[in-house]
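Following: one structure in structure tokens, then a few remarks.
Heavy atoms only: backbone and side chains are in, while hydrogens, waters and symmetry mates are out. These numbers were taken from a predicted model, which means no experiment stands behind them.
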Amino acid sequence: MDYEQFKSQVFTLTQIDLSSYKEKQMKRRIDALILKNKFKGYDDYIIAIKKEKTLLEEFVNYLTINVSEFYRNPEQWKVLETDILPELLKHGKNLKIWSAACSTGDEPYTLVMLLSKYIPMSNISILATDLDKQVIEKAKLGLYSSKSLVGLPKEYKDKFFKVAGDNAYQIDNSVKKCVQFKQHNLLKDTYPTGYDLILCRNVLIYFTEDAKEEVYRKFNSSLRSGGVLFVGSTEQIIKYKELNYESHKSFFYMKL
């Protein structure tokens, strides 16, 4: 079985379209995983992941690049706090917010803590989605290492976290209640609509240009007019005008 046939089998099994990811990078990751598990090649590996649920979960977890931390790129969160949110909150306190490809929950939970400075927590409701079931379960648990919290402002750490053993912190239930986690495939599933703010950061760098453009178009349809898309620090949208966005600030794009 060659890589093309392997991609087809993976899609049938998981609905993950490997053709939408940069091939060289993805193939290298998969080959390393096959080698780690001591399989001879794609044929043996496909048979194994069809039979063993734990191997399949490991495979999906390995493909979905879960590098996450609280308050990642602090200067961008400052722009969100001082420039973007005040504008959005002019439309009312019940903002519709979607954290797409949320990984282990660091991002939507950061947003809850930030918003809590300006609106009651009873008004905060964030949809957080990811392709990977395992990271969603971890996000729901809300248990983090001290490394994940390195960049988080002290005021949030003191107010919303409790020490939970050596090098571990548990996030407060008041924050967890504000986030609804769901599994979602950005390349396949229907997108929700009517959003004021969508965050999708440090994920699309792994997609092909065509796949990126399709996702940005779908995000545009998900936003209300004047809604904002917040992207990662290496993901500036070059053809934003063609996609019906206005560049609001670096890494923030407003739907026209």
How would you list, by chain and number, every residue that makes a ring-ring contact (aromatic ring centres under 6.0 Å, His included) with [X], sequence neighbours excluded?
| X | answer |
| --- | --- |
| Tyr245 | none |
| Phe6 | Tyr42 |
| His184 | Trp98, Tyr191 |
| Tyr253 | Tyr240 |

Quiz: residues 174-181 side-chain donor-acceptor pairs under 3.5 angstrom, not counting sequence neighbours:
{"from": "Ser174", "atom 1": "OG", "to": "Asp172", "atom 2": "OD2", "distance (Å)": "2.6"}
{"from": "Lys176", "atom 1": "NZ", "to": "Lys140", "atom 2": "O", "distance (Å)": "3.2"}
{"from": "Lys176", "atom 1": "NZ", "to": "Leu141", "atom 2": "O", "distance (Å)": "3.1"}

Side-chain polar contacts of residues 82-92 - donor-acceptor pairs under 3.5 angstrom, sequence neighbours left out - could you list them?
{"from": "Thr82", "atom 1": "OG1", "to": "Lys78", "atom 2": "O", "distance (Å)": "2.8"}
{"from": "Asp83", "atom 1": "OD2", "to": "Lys249", "atom 2": "NZ", "distance (Å)": "3.3"}
{"from": "Glu87", "atom 1": "OE2", "to": "Lys90", "atom 2": "NZ", "distance (Å)": "2.9"}

Between the side chain of [X] and the main-chain N/O of [Y], is any donor-acceptor distance below 3.5 Å?
| X | Y | value |
| --- | --- | --- |
| Lys117 | Glu81 | no |
| Ser222 | Thr193 | no |
| Thr12 | Ser8 | yes |
| Asn37 | Leu33 | yes |
| Asn73 | Gln76 | no |

### Query
Which residues satisfy the side-chain contact (heavy atoms from CB on, under 4.5 Å) test with Ser125, sequence neighbours excluded?
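Ser125 satisfies side-chain contact (heavy atoms from CB on, under 4.5 Å) with no residue once adjacent residues are dropped.
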
### Query
Can you list the residues that meet the side chain to side chain donor-acceptor pair (under 3.5 Å) rule with Glu23, with sequence neighbours excluded?
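Once residues adjacent in sequence are excluded, the partners of Glu23 under the side chain to side chain donor-acceptor pair (under 3.5 Å) criterion are Lys7.
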
Note, [X] side chain near [Y] side chain (heavy atom, < 4.5 Å):
| X | Y | answer |
| --- | --- | --- |
| Phe11 | Leu18 | no |
| Asn123 | Leu115 | no |
| Lys96 | Arg224 | no |
| Leu111 | Trp77 | yes |

### Query
Lys241 and Glu246: salt bridge (charged side-chain N to carboxylate O under 4.0 Å, His left out), yes or no, with the steps?
CA-CA 6 Å; Lys241 287 181 182 174; Glu246 177 183 287; over 6 Å; no

### Task
Assess whether atom NZ of Lys255 is packed by more than 12 heavy atoms of other residues, nucleotides or ligands within 6.0 Å.
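Yes, NZ of Lys255 has more than 12 neighbouring heavy atoms, counting only those of other groups under 6.0 Å.
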
### Message
Quick check on Lys38: does its NZ atom have over 12 non-hydrogen neighbours (other residues, nucleotides or ligands) under 6.0 Å away?
### Response
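Open: at most 12 neighbouring heavy atoms sit under 6.0 Å from NZ of Lys38.
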
### Query
Thinking salt bridges, do Glu58 and Lys36 make one under a 4.0 Å N-O criterion?
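Yes, Glu58 and Lys36 are salt-bridged.
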
### Task
Please test Lys188 against Asp17 for salt bridge (charged side-chain N to carboxylate O under 4.0 Å, His left out), starting from the C-alpha separation and ending with a verdict.
CA-CA 8 Å; Lys188 173 183 161 284; Asp17 184 5; over 6 Å; no

### Message
Once salt bridge (charged side-chain N to carboxylate O under 4.0 Å, His left out) is applied, do any residues pair with Lys51, and if so which ones, sequence neighbours excluded?
### Response
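Counting only residues at least two positions away or on another chain, Lys51 forms no salt bridge (charged side-chain N to carboxylate O under 4.0 Å, His left out).
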
#### Entry: Pairs involving residues 122-142, ordered by first then second residue, that meet ring pair (Phe, Tyr, Trp, His ring centres under 6.0 Å) (sequence neighbours left out)
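Qualifying pairs: none.
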
Any idea which heavy atoms bring [X] and [Y] closest together, and the distance?
| X | Y | answer |
| --- | --- | --- |
| Leu223 | Leu229 | CD1-N, 4.0 Å |
| Pro108 | Ile126 | O-CD1, 3.7 Å |
| Ser103 | Asp130 | N-OD2, 2.8 Å |
| Glu235 | Asn202 | OE1-N, 2.8 Å |
| Ala101 | Leu186 | CB-CD1, 4.3 Å |
| Ser116 | Met121 | CB-CG, 3.9 Å |

Between [atom1] of [X] and [atom2] of [Y], what distance do you get to the nearest 0.5 Å?
| X | Y | atom1 | atom2 | value |
| --- | --- | --- | --- | --- |
| Phe219 | Cys200 | CZ | SG | 4.0 Å |
| Phe39 | Ile49 | CZ | CD1 | 9.0 Å |
| Ser146 | Leu152 | OG | CG | 12.5 Å |
| Leu131 | Asn185 | CG | CG | 5.0 Å |
| Leu187 | Ser19 | CG | OG | 10.5 Å |
| Leu197 | Ile97 | CG | CD1 | 5.0 Å |

### Task
Assess whether side-chain contact (heavy atoms from CB on, under 4.5 Å) is satisfied between Leu243 and Ile237, documenting all intermediate values.
CA-CA 9 Å; Leu243 299 170; Ile237 308 172; 3.8 Å; yes

### Message
Less than 6.0 angstrom separating the ring centers of Tyr71 and Tyr109, yes or no?
### Response
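For Tyr71 and Tyr109, the ring centres are not under 6.0 Å apart.
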
### Task
Take Tyr3 and Ile30 through the test side-chain contact (heavy atoms from CB on, under 4.5 Å) and record every step on the way to the result.
CA-CA 10 Å; Tyr3 186 62; Ile30 292 166; 3.8 Å; yes

### Message
Do Leu95 and Tyr118 land in one hydrophobic cluster if side-chain heavy atoms of ILVMFWY residues count as linked below 4.5 Å?
### Response
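Yes; Tyr118 is reachable from Leu95 via cluster members.
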
### Message
Considering only residues two or more places apart or on different chains, which pairs with a residue in residues 150-161 satisfy side chain to side chain donor-acceptor pair (under 3.5 Å)?
### Response
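Matches after skipping sequence neighbours: Lys154-Asp158.
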
Can you tell me if [X] and [Y] form a side-chain donor-acceptor pair at under 3.5 Å?
| X | Y | result |
| --- | --- | --- |
| Glu107 | Ser99 | yes |
| Tyr144 | Glu69 | no |
| Asp106 | Thr104 | yes |
| Gln183 | Asp132 | no |

### Task
Write out all pairs satisfying salt bridge (charged side-chain N to carboxylate O under 4.0 Å, His left out) with one or both partners inside residues 211-223, taking only residues at least two apart or from two chains.
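Matches after skipping sequence neighbours: Glu209-Lys212, Glu213-Arg217, Glu213-Lys239, Glu214-Lys218.
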
### Task
Run the numbers on Asp196 and Val228 for side-chain contact (heavy atoms from CB on, under 4.5 Å), then give the verdict.
CA-CA 6 Å; Asp196 298 287; Val228 173; over 6 Å; no

### Message
Could you walk me through whether Phe160 and Asn173 satisfy the side-chain contact (heavy atoms from CB on, under 4.5 Å) test, starting with their C-alpha distance in whole Å, then the side-chain angles of each, then the deciding distance to 0.1 Å, before giving a yes or no?
### Response
CA-CA 9 Å; Phe160 295 113; Asn173 280 335; over 6 Å; no

### Within 45° cone and under 6.0 Å: Arg201 NZ/CZ vs Phe230 ring
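Yes, cation above the ring, under 6.0 Å and within 45°.
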
